[in-house]
Amino acid sequence: MTPTPRAPPPARSMTGQGDALTTEQNALLQPSRTGRDGRSLSAASLMAGTRGQSFTASGPPPGSFSSDLRSTISRSETPRPDFSTHPSFVDEDSRTTSEQRQAEIQDQIDKETKIKIGSENLLEALNSKNAKQTKDQRLRVEAELNSSNRKLAQLRLGLEAEIQRSKEVKESPSNTTSRLTYLFRNAPSRSPSQQLGNDKEDELETETESPTFVLAEILQSLEAEGMQPEYYVDKANSLVELFKRHPTLKYDLAWSIFGLRMQTMMLSDSREVVAAGYRVMRYAITDRKSLQIIRSLHTDYLIILSLVKESKASVEREQALKFVRAFLDVKDGVLEISRAVIRIIVAVAEHADDRLRNISILTLAEILVRNPSILVSAGGMGTLTDALGEGNYHAAESLSHSFLFLLDTPRRRRFLRSGHELEISLAIFTDSAAIHGHMHEEKLKANAKVIATLLKSWPGLLTLCMNDFLPIRSLLSSLYIPTPHVRNVLLELLFDLLRIKPPSWSSSFLAGRRLTTYGRVTNLKNQANKDTPNTDTENDANRWNLIEHYIAVVLAVLLHAGLIPALLHAEEDALTLTLKRKTTLLLGEVLKMANELLPPSWSAELQVLPQLLRSAAAFNLDDRFIATGTIYQVDSVNRTLYRSDPTSLHNAKSNVNGDSDSTPRQSDQSKAQAGMQMDESQFRSLMVETQVLNTVNFTKWRWDLIQSVIDGPLLNAKRLDEAMRVTKFVHRVLGFYRPFKYRFSEVKNTKPNQRYVRSGCALIRSLLQNPEGVRYLAESKLIRQLAECLSHFDRMSGLTSELPIFTAERMTETLTGGYFAILGALTKDPKGMQILERWKVINMFYHIIELHDRDDLIRALLSNMDCTIDGHLRIIISKAMTSCSKDIRIFSTRLLRKYATKSMQSTDSTGATTGIAEWAIRLLVTQLYDPEIEVCEVAIKILEEACNKKHSLEYVVKCRPALDHLGEIGAPLLLRFLSTSVGYHYLDGLDYITKEMDDWFLGRNDSYVALIEASMARALADIPEKVQPQMSYDDTPEHQEYGMVPPHFYRELTRTQEGCKLLEQKGHFDEFVTTIREFGMEDDDSETILKVKGCLWAVGNVGSMELGAPFLEKSDVVKWIVRIAETSEVMSLRGTAFFVLGLISRSLHGQEILLEYGWDGVVNEMGEALGLCIPLDFKKLFSIKPWAASPTDLGVWKQKVDVKVAIGDDDPLNARILKLTADLGNTVLAKKAANDLHIIKAKKASGFQKAQLFHKVMQILESHHFRLPVCRFVIDLFDKNVLRQIVLEEEDDDNDVDSDTDSEADEHATNGLSNLDS
């Protein structure tokens, strides 16, 4: 079926000529003009495509990448037309473009949000000034704010549409075009409507086509000679399209024919045709065998020749590198990448100005992980080490992960010959002789990121602590260097390493303000936390943070290496006042953390700062005043830190329920009492100052004073009566909120204007406190008019309006939505509910819930209503959870979180038990059967949080939820059931426990290791998450916290006596101990290491429970875990053992056992274990034996016997050429050797037309290190027919080469020589 080829095309030159397109997309573009030379298959230098084509792939194309790690658009060297709007431009991967569009829209949303916040802040500032003077400015700001709101609404709609579109792309098959389209690709493009009309025909055509026939047709068309390059590119794109439509077709290729067609394309003179050939070959890759077939086509030489070309051949070079990267996507494909190709990639990575430098470095890093031996033998380790430490590579911290992977085990560690490769990133800090400037500071910051990445992993931490902590000590010694920006970057690095979040007052402190002014900041913080529900101590007991344990050991390392003396020197020898204050702040934080995270043996001596005290006590020296001032500043910072964040970790855990909230509550009560006791004259003067009695213009009212009047004096019955009857204060303020006065309802919805909503809610609450206020409120027009406005949603009421109050636009643009907050204030009191029922507002709520097109109204209603009182509102929210749209069901389910997490014995204002938690839990259990899995997932998370309280957990079990249909989603909740005897017996009745136990024993332990290590890596990486814009009423569960100990089956099982008995009967714990004892010192086999880690976590979780102590005592397993932590050669296994010992130290009995083996645990002031422990002999934890490459290893890395460097030849001239080629790698001899080679080429030496000499030269290039221009110069010396002879395996006929070929080669050699000179 596949025809035989007619004749091979002319061979291509070693480096292509002419301009080339520079493009980041995989799709190859149509040219704007045709080439002048049409003699052969590869005449012009541009590519073709049509609108009919689509390069949409079902997944990311193999080997795809962005050639620059920065988000800047690459520039080509020569001007060329913009192809982004060309009708034939179609992206190869529509998902990538969709993600790009989403990112662009999100960036615009972020910008508009910042503009909106700035406008709101400015408006708030203007409101506090004179209204007349700022009127024009306020109008301009309001106009800008309205514009931002409109843009934000449009952008969010666009983002939602783009997300939906990307989902459709993922769910539906690729929208590929049919063969029929190809037949008419020169016809004018169809309009969108025509395209839609013919979609079905295209689908039918695609379904009925025979892929083998189409393949044979395309391959036959590639035989044609003398066509324009776009013709061949077009056919290549059709082949790619065919492979996408029929993914299995590439498994049945006849490589004898297909390979020959690809060879002819890659021998073309047109760069775009060559690039198209690489692209087709990339899509034809299936497995390692296909890679071997591809390499048999001599593609290694073709790749090398493409990569050595100049940067203007960017399309060809980019596709060649993508082709190499596609090898990495195949299992064991890295073994098929030859050392010669890696040598060239190393040369590209070392070429500073090369556009492909960044991605070449990234490719080398991937090869380092998968096949380190070949990378080391190709000389790539030095390139990666330089990129790691020079500060010019924009993602150097990502390279460190490759080095950390090698460091983990002894077998991989030997590829790092010296063991000091990671220390290169420290050099720039200790190089005091460097030229300081902006670039130096940027490099410092880049290297600080690398150091932070290294120290946030066990391999990096252990490596940098070798040789008695020498690297860490050299880093801290940089604080003694009197260079401001070095010290500043180092202080920022220490803040990052210790995960210190500067307090809210730090910016003011660093600016030089007094510490005595921060009490109000503390009060504000307490005020913000006042309304948060009290958390049960059980919640904290179930949340174990591994990050704190890791920070503790990092802090201990820094203190052991001399952090405190270095900081005190930086404090005494301050270079700038800002640096002095930053050092003081860090010193205070370090002392606080040492007190909380380290055993008393560590922290007791630190707290007194002995060195500073000695300096302060030296009365005969003038420096004592500096020391005295430093002690005072550190003490002030410490007191302020404890005042602003007294419960930062666990020290005051016992005070969570009591003291932390009592102080702000008492202060609020005292203010309210002071306001209630205000006499008549003071009250009247205060009302006059509010300007409410002087004018009806609400913009002139002083709303801060109005708020203070409402929260204070109006709670006094006498003052309230005076405000209602004697003056018009209450009448005017309530009148401002009446809908039909169009005052409050016309105010723009901005952040400063939310004060009107807050004041309205406060006024309702104050009126409800007094019987006269209730009577006044019931008779006022406010509730009556609101009921009338809401009645428009009742079709049976007969009321209509041309300008309804509650339109969607007004809800967004104005404060109309604030009316629901005011109605919500009424629902918090039984008297308020009676008022709502009197005016039939509750009936209107039922009608709103039934609206299918007004989700905004339903959200506003549900979010502001208080369901604490049993009644209609509970029915309304349960109706919303079952009958509304999916989004509303999810929203209303989230709203139940604040009720479900309350105490089961919560009471209302009258002291009666509300039963709100029981009601919420029952509804959440009902939600577990919702047809949408997202709703079930939200309900599961809330129930899991509610189960932190024992009574709530027992009530959930009492509801007997069925979770079988939810699979893995319901597993965490079932695990929580195990923690009580009631839940244990319930699950035992379902036969869940034995099945789950066997499941964990046989495999889930291993997957638990991957889960917890990924969580730790994610937490330590400190990747900032974009905060999704959410309304304040969307009470979503907290985001997943990384670094916490995930629920473990054996830990939950050990919480009850029944579970411990079952664990003992099954004998699983003894199996875990046996595995740890027998295989704990394994340092090579990855599966065994994983098994040991899983057993360690299982033992640690059992040992963390008080009931698990007998298991530890009987098995004596702690001894083996301590041995692993102190002597294992696998660094990550050491880290796992360290964390497991921390889990064991969570029980006081476990701490006693650890103390026997020389490990000291940490307890808080209440004597409770914190799960932190440090060895008494600290150096034991970091006792890693230094390593160096052995002679046998060096022999492995050297070239193999069959890759002999062929520097000899029977022909003396050829032997001299080989000798001069080898000399090009010597910087001393390079220039002379290049001149001699150019002279030999000018004499038309016959060796440059011989394939045999070419092979020998390529062996030299593979065996030695050469720069990229040198490689290009050497290859350009050979005639272009040599490559044709090698690739097509033709006989060497020794034909004479025509003169123009020689002159062209001479020109190449001359250009290469000039490059060498430069």
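- In the model, Arg922 has a side-chain atom that pairs as donor or acceptor with a side-chain atom of Tyr955 under 3.5 Å.
- The distance from the CG atom of Leu987 to the CD atom of Glu996 is 9.5 Å, given to the nearest 0.5 Å.
- Taking the charged nitrogens against the carboxylate oxygens, Arg413 and Glu1129 do have a contact shorter than 4.0 Å, which makes a salt bridge.
- Between Ser457 and Leu1020, every side-chain heavy-atom pair lies at or beyond the 4.5 Å cut-off.
- Salt bridge absent: Glu1071 and Lys1066 never bring a charged side-chain N and a carboxylate O closer than 4.0 Å.
- Aromatic ring orientation, His1048 versus Trp1000: tilted (interplanar angle from 30° to 60°).
- The minimum heavy-atom distance between Leu1181 and Ala1125, with the atom names listed, is CD1-O, 3.6 Å.
- Aromatic pair Tyr550/Phe1138: ring centres not closer than 6.0 Å.
- Looking at Tyr1050 and Asn1005, their side chains come closer than 4.5 Å, going by heavy atoms from C-beta outward.
- Classification of the Phe1001-Phe1072 ring pair by plane angle, with boundaries at 30° and 60°, yields tilted.
- Between Tyr992 and Phe977, the gap from one ring centroid to the other reaches at least 6.0 Å.
- When every heavy atom of Leu1112 is checked against every heavy atom of Gly1103, the shortest pair comes out as CD1-CA, 3.7 Å.
- Across all non-hydrogen atoms, the minimal contact from Phe1079 to Val1092 is O-CG2, 3.4 Å.
- The pair Lys941-Glu944 does not meet the salt-bridge criterion, since no charged nitrogen lies less than 4.0 angstrom from a carboxylate oxygen.
- The environment of CZ in Arg1123 is sparse: at most 12 heavy-atom neighbours from other residues, nucleotides or ligands sit within 6.0 Å.
- Among residues two or more places apart in sequence or in another chain, the salt bridge (Lys or Arg N to Asp or Glu O under 4.0 Å) test is passed with Glu336 by Arg288, Arg295.
- Here the shortest heavy-atom pairing between Gly1080 and Ser1128 reads O-OG, 4.5 Å.
- Residue Leu362 holds its CG atom at 6.0 Å from OG of Ser398, rounded to the nearest 0.5 Å.
- When every heavy atom of Asp1083 is checked against every heavy atom of Thr409, the shortest pair comes out as O-CB, 3.8 Å.
- Heavy-atom neighbours of Glu1106 CD from other residues, nucleotides or ligands within 6.0 Å: above the threshold of 12.
- Atom CG in Leu368 sits 7.5 Å away from atom CG in Leu416 (nearest 0.5 Å).
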Item to check | Evaluation steps, salt bridge (Lys or Arg N to Asp or Glu O under 4.0 Å), between Lys1091 and Glu1082 | outcome: CA-CA 11 Å; Lys1091 202 73 177 174; Glu1082 175 64 42; over 6 Å; no
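- Annotation for Val1163 and Ala1169: closest pair CG1-CA, 4.0 Å, computed over non-hydrogen atoms.
- Distance OH/Tyr984 to CD/Gln1057: 11.5 Å, rounded to 0.5 Å.
- Between Lys1119 and Tyr1157 there is a side-chain heavy-atom pair separated by less than 4.5 Å.
- Environment of CD in Gln292: crowded, with over 12 heavy atoms of neighbouring residues, nucleotides or ligands closer than 6.0 Å.
- Between the side chain of Ser1015 and the backbone N or O of Gly1043 there is at least one donor-acceptor pair closer than 3.5 Å.
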